[in-house]
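Proteins get letters first, then strands, A, B, ... in listed order; numbering begins at 1 in each. These numbers come from a predicted model, not from an experiment.
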Protein chains: 4
Amino acid sequence: MPEKSKGEVQSKRSAILDAARDLFTQKGYEETTIAEIAQAAGVAVGTVYLYFRNKHEILTGASLDLEAGLAQIFLDPTLLDLPFEKVPEVLIEKIFHAGRQKKKHMALLQIDVFSSEDMLQYKKVNAQLTEAISTFLRNAIARGYLAPCDTDMYAQLLYLLGRSVLHQCFAVEKGEREDLYRHSMADLIKRLFSGPPLSMS
Amino acid sequence: MPEKSKGEVQSKRSAILDAARDLFTQKGYEETTIAEIAQAAGVAVGTVYLYFRNKHEILTGASLDLEAGLAQIFLDPTLLDLPFEKVPEVLIEKIFHAGRQKKKHMALLQIDVFSSEDMLQYKKVNAQLTEAISTFLRNAIARGYLAPCDTDMYAQLLYLLGRSVLHQCFAVEKGEREDLYRHSMADLIKRLFSGPPLSMS
Amino acid sequence: MPEKSKGEVQSKRSAILDAARDLFTQKGYEETTIAEIAQAAGVAVGTVYLYFRNKHEILTGASLDLEAGLAQIFLDPTLLDLPFEKVPEVLIEKIFHAGRQKKKHMALLQIDVFSSEDMLQYKKVNAQLTEAISTFLRNAIARGYLAPCDTDMYAQLLYLLGRSVLHQCFAVEKGEREDLYRHSMADLIKRLFSGPPLSMS
Amino acid sequence: MPEKSKGEVQSKRSAILDAARDLFTQKGYEETTIAEIAQAAGVAVGTVYLYFRNKHEILTGASLDLEAGLAQIFLDPTLLDLPFEKVPEVLIEKIFHAGRQKKKHMALLQIDVFSSEDMLQYKKVNAQLTEAISTFLRNAIARGYLAPCDTDMYAQLLYLLGRSVLHQCFAVEKGEREDLYRHSMADLIKRLFSGPPLSMS
DNA sequence: AATGAATGAGGATTCATTCAT
DNA sequence: GATGAATGAATCCTCATTCAT
């Protein structure tokens with residue numbers, strides 16, 4: 001097997017995560033067995049344990065992977081080239097697009113994070129995302145597009161809202177009312193941006 | 001025993017739900033056994049199965065129960081006596097108050113709902129809540145406090161945001177930043193209410 | 001309820017046995033629950049225990065009841081009016097007729113009898129039947145229709161064969177080859193009757 | 001471990017069946033637990049489920065295994081060397097000998113077969129046995145030892161009779177009257193063989 | 001006699017994890 | 001690294017039986 005490059009080895013971890021993502025979102029975490037994941041990924045059961053210490057680590061991996069993917073959207077450098085007032089709409093567009101693509105995986109946005117180890121990873125991804133949003137908000141305030149506010153908290157709220165909406169729109173409602181959700185989100189953001197200055201807490 | 005009223009029969013179901021709520025939020029769903037729930041509820045294992053078909057049904061029951069409790073806040077008739085512009089703040093106050101009281105149960109706001117039977121019940125509670133919010137929004141529009149919008153979708157977004165924030169604030173962050181969350185929420189709502197009229201989708 | 005006569009009370013025991021017979025033969029003994037039997041019989045669970053000490057007693061009751069029913073065939077006095085050589089054929093005819101009627105119950109002919117208490121009852125029914133057959137055989141020998149033999153053992157063999165055939169014919173094969181079985185049985189009996197005298201063991 | 005041949009893998013399944021046979025016949029099916037079977041077989045509980053899908057499949061396996069063992073008797077090539085008229089006696093002798101050896105297992109001859117999958121296997125064993133008997137009967141007819149008859153049905157009847165008798169003789173009566181049963185069986189067979197020609201159905 | 005809610009011991013089954021190959 | 005047979009602890013759930021009404 002001369003073609004067995006590093007990339008292929010790497011792909012085993014990915015294959016497991018991909019398989020797990022599908023199964024977790026189809027049948028739920030508890031109802032999915034390692035054996036199923038291994039089979040779907042085309043590896044042996046034991047191999048799974050070469051890449052993950054236990055079952056829950058696979059869930060965390062799959063979930064954070066997904067969220068990190070969404071985080072990338074905010075870090076896309078081409079956003080900077082846009083006229084500032086277009087950005088929210090474009091972001092919303094991109095986020096929903098991603099959700100639509102991975103519709104069936106959106107259920108992973110709603111998982112419990114228990115172990116403190118997971119929590120750390122979760123906070124890292126969360127921080128990355130809220131920081132990106134916060135930066136954008138600060139920028140907006142600086143340019144006068146947005147009345148001053150606690151940008152960190154606003155970023156957090158927007159992040160929670162976005163995640164929740166993606167989950168509801170795609171995981172629960174299967175994308176049937178996507179347009180409504182997208183437009184309402186855009187509308188809501190615009191209102192925020194045009195709201196009056198308020199005293200900060 | 002003439003005192004054996006309907007309420008007593010009900011109390012067994014409730015006792016189980018109460019016990020389950022505590023255990024699920026303390027130790028997590030998977031780590032909680034039926035035997036523990038039964039013992040904590042003061043009933044026999046078999047009795048649990050007189051009221052719930054399986055373990056997951058207990059989880060759903062506990063979660064919906066909790067959400068239905070929050071829904072009551074919106075149906076409080078004394079809200080009608082308030083000056084209209086005070087209502088959002090009062091609502092937020094009340095909701096966070098409830099969250100604070102039941103801090104340890106807020107983790108139940110974020111559960112997977114898989115079976116279609118659960119889904120039905122879930123939609124019922126959801127509909128009740130969003131309808132209450134939607135009514136309030138329509139009212140606000142009629143009185144000129146809010147620019148016209150798709151009140152049903154806005155209600156849904158606000159509901160999702162509220163649930164998500166309660167979960168994050170109390171279940172994930174243990175209430176440490178409650179004030180920040182509450183103020184930001186109030187701030188955000190105010191901005192929405194003062195936002196400019198926008199064309200609807 | 002003035003109509004509640006002794007017969008009706010008696011019918012409760014019968015109703016339970018009837019329901020049990022149906023369920024045992026449909027789903028098997030283990031797979032049938034007391035609750036199902038009670039419901040099918042139209043009585044409460046507790047009532048079952050007024051008539052039977054435990055589940056196994058119901059099985060024994062249902063099974064022996066059935067076998068006792070078959071035993072009645074041999075004790076029918078009208079058999080005595082028949083020309084002797086017709087008797088085997090008529091008996092076989094009657095037995096298969098009974099099997100056909102209660103086709104679905106024939107599975108009960110193949111049950112394990114474990115407790116010594118059951119065993120006693122079982123032996124009683126068995127003795128009753130084999131005695132009837134044995135008497136007939138002795139009669140046949142006396143009249144010269146049958147070569148002398150150990151009538152008790154022959155009776156036992158014929159009883160086992162008959163029970164086994166009924167079970168196979170109706171419970172396993174659903175009566176599809178009933179004619180074949182009936183004819184072969186008759187044929188076989190005839191050969192026995194015309195066989196040569198043999199020395200006894 | 002180069003000795004780890006296919007036979008060893010096979011032996012695990014066999015060990016389970018052997019253990020199960022003993023336990024089922026000693027304590028009864030219901031009273032035997034998987035844990036007991038596993039321990040007696042020297043394997044872990046989970047291992048049992050690598051070879052059998054559920055408890056009942058073990059019962060079926062044990063039963064069919066036993067019956068297949070008895071079937072071997074009929075396929076013994078040395079039978080062909082005997083003078084034809086000796087064969088029945090020898091067969092009966094061998095069958096009872098086998099029953100005596102495995103006295104305690106004879107209870108397994110009388111089990112319920114419910115699942116259609118079991119039924120298939122059962123029919124296979126059944127067919128094998130009746131075919132062997134049928135062949136012998138055809139042979140007997142060809143040589144003039146037996147009046148023509150429906151050999152397939154006769155084979156079936158003899159098979160049922162034999163199984164039933166073994167069960168009664170060894171499982172129910174603990175072999176106390178073995179001699180009587182054996183002689184009666186031999187006697188009965190002889191009579192069949194000397195019976196007059198009869199018209200077939 | 002009749003009920004059926006409550007019991008709780010008991011067991012089948014599952015499945016994450018390991019480890020010899 | 002890769003495998004997958006073997007493990008056995010752990011738990012959901014069942015259901016025969018009881019008993020207060």
Side-chain angles (χ1 to χ4, degrees), chain A residues 1 4 6 8-9 12-13 29-39 41-58, chain B residues 1-2 4 8-9 12-13 30-39 41-58, chain C residues 1 4 6 8-9 12-13 29-39 41-58, chain D residues 1-2 4 8-9 12 30-39 42-58:
Chain A
M1 278 185 227
K4 196 141 193 178
K6 178 105 181 281
E8 283 217 43
V9 172
K12 244 169 211 186
R13 195 192 136 91
Y29 174 70
E30 289 173 278
E31 282 67 35
T32 301
T33 69
I34 298 288
E36 287 170 330
I37 294 172
Q39 185 168 39
V43 301
V45 171
T47 306
V48 173
Y49 285 85
L50 294 176
Y51 296 96
F52 301 91
R53 273 212 301 265
N54 53 49
K55 190 185 174 187
H56 200 264
E57 211 169 275
I58 306 175
Chain B
M1 273 185 218
K4 193 139 197 177
E8 283 216 45
V9 173
K12 224 155 224 180
R13 196 191 135 91
E30 284 177 280
E31 283 67 33
T32 301
T33 69
I34 298 289
E36 288 170 330
I37 295 172
Q39 187 166 38
V43 300
V45 171
T47 305
V48 173
Y49 287 88
L50 292 178
Y51 296 94
F52 301 91
R53 274 211 295 271
N54 52 53
K55 191 182 174 187
H56 197 266
E57 208 169 279
I58 306 176
Chain C
M1 278 184 226
K4 198 141 192 176
K6 180 109 183 277
E8 283 215 44
V9 173
K12 243 166 211 186
R13 196 191 135 91
Y29 174 69
E30 288 173 279
E31 282 68 34
T32 301
T33 68
I34 298 288
E36 287 169 331
I37 294 173
Q39 187 167 39
V43 301
V45 172
T47 305
V48 173
Y49 285 85
L50 294 176
Y51 296 96
F52 301 92
R53 274 212 300 266
N54 53 51
K55 190 185 176 185
H56 200 265
E57 211 169 275
I58 306 175
Chain D
M1 273 186 221
K4 194 142 195 175
E8 282 216 45
V9 173
K12 225 157 225 181
E30 287 178 278
E31 284 67 32
T32 302
T33 68
I34 298 289
E36 287 169 331
I37 295 172
Q39 186 166 39
V43 300
V45 172
T47 305
V48 173
Y49 287 87
L50 291 178
Y51 295 94
F52 301 91
R53 273 211 296 270
N54 52 51
K55 191 183 174 186
H56 198 266
E57 208 168 280
I58 306 175

All N/O contacts under 3.5 Å from nucleotides 10-12 of chain E to the protein, with atom names and distances to one decimal?
unit_1: E/dA12; atom_1: OP1; unit_2: D/Thr32; atom_2: O; d: 3.4
unit_1: E/dA12; atom_1: OP1; unit_2: D/Lys55; atom_2: NZ; d: 2.9
unit_1: E/dA12; atom_1: OP2; unit_2: D/Ile34; atom_2: N; d: 2.9

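Contact annotation: D/Lys12 reaches the phosphate of F/dA6 (side-chain N/O to OP1 or OP2, under 4.0 Å).
Comparing B/Arg53 and A/Ala44 along DNA chain F, the residue whose closest nucleotide (by nearest heavy atom) sits nearer the 5' end is A/Ala44. Each of B/Val48 and C/Thr47 has a nearest nucleotide on DNA chain E; the 5'-most of these lies closest to C/Thr47. Mapping D/Gly46 and A/Gly46 onto DNA chain E via the closest heavy atom, the residue that lands nearer the 5' end is D/Gly46.
The side chain to side chain contact (heavy atoms under 4.5 Å, CB included) search around D/Gln39 returns none, not counting sequence neighbours. With sequence neighbours excluded, the residues forming a side chain to side chain contact (heavy atoms under 4.5 Å, CB included) with B/Tyr49 are B/Ile34, B/Val45, listed by chain and number. Partners of D/Glu30 under the salt bridge (Lys or Arg N to Asp or Glu O under 4.0 Å) rule, at least two apart in sequence or in another chain, do not exist in this structure.
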Pairing annotation in dot-bracket form, given for DNA chain E with Watson-Crick or G-U pairs under 3.5 Å and | for cross-strand partners: .||||||||||||||||||||

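Rounded to whole Å, the distance from OH on C/Tyr51 to C1' on F/dA16 is 19 Å. Taking atom CD on C/Gln39 and atom C1' on E/dT3, their separation rounds to 14 Å, with Å as the unit. Between the CD1 atom of B/Ile58 and the P atom of F/dT11 there is a distance of 15 Å, given to the nearest Å. Nucleotide F/dC15 holds its P atom 20 Å from the CZ atom of C/Phe52, rounded to whole Å. Across the protein-nucleic acid pair, C/His56 atom NE2 and F/dA16 atom C1' stand 14 Å apart, rounded to whole Å. Taking atom CG on B/Leu50 and atom P on F/dC15, their separation rounds to 14 Å, with Å as the unit. Rounded to an integer number of Å, the gap from A/Glu36 CD to F/dG4 P is 17 Å.
Across C/Glu36 and C/Glu31, no two heavy atoms sit closer than the pair OE1-O, 3.7 Å. Across every non-hydrogen atom of D/Thr47 and D/Lys12, the tightest pair is CG2-CD, 4.2 Å.
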What do the steps show when you test A/Tyr51 against A/Glu57 for side chain to side chain contact (heavy atoms under 4.5 Å, CB included), and what is the final call? CA-CA 10 Å; A/Tyr51 296 96; A/Glu57 211 169 275; over 6 Å; no

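Checking E/dT3, F/dA6, F/dT7 against the side-chain heavy atoms of C/Val43 singles out E/dT3 as nearest.
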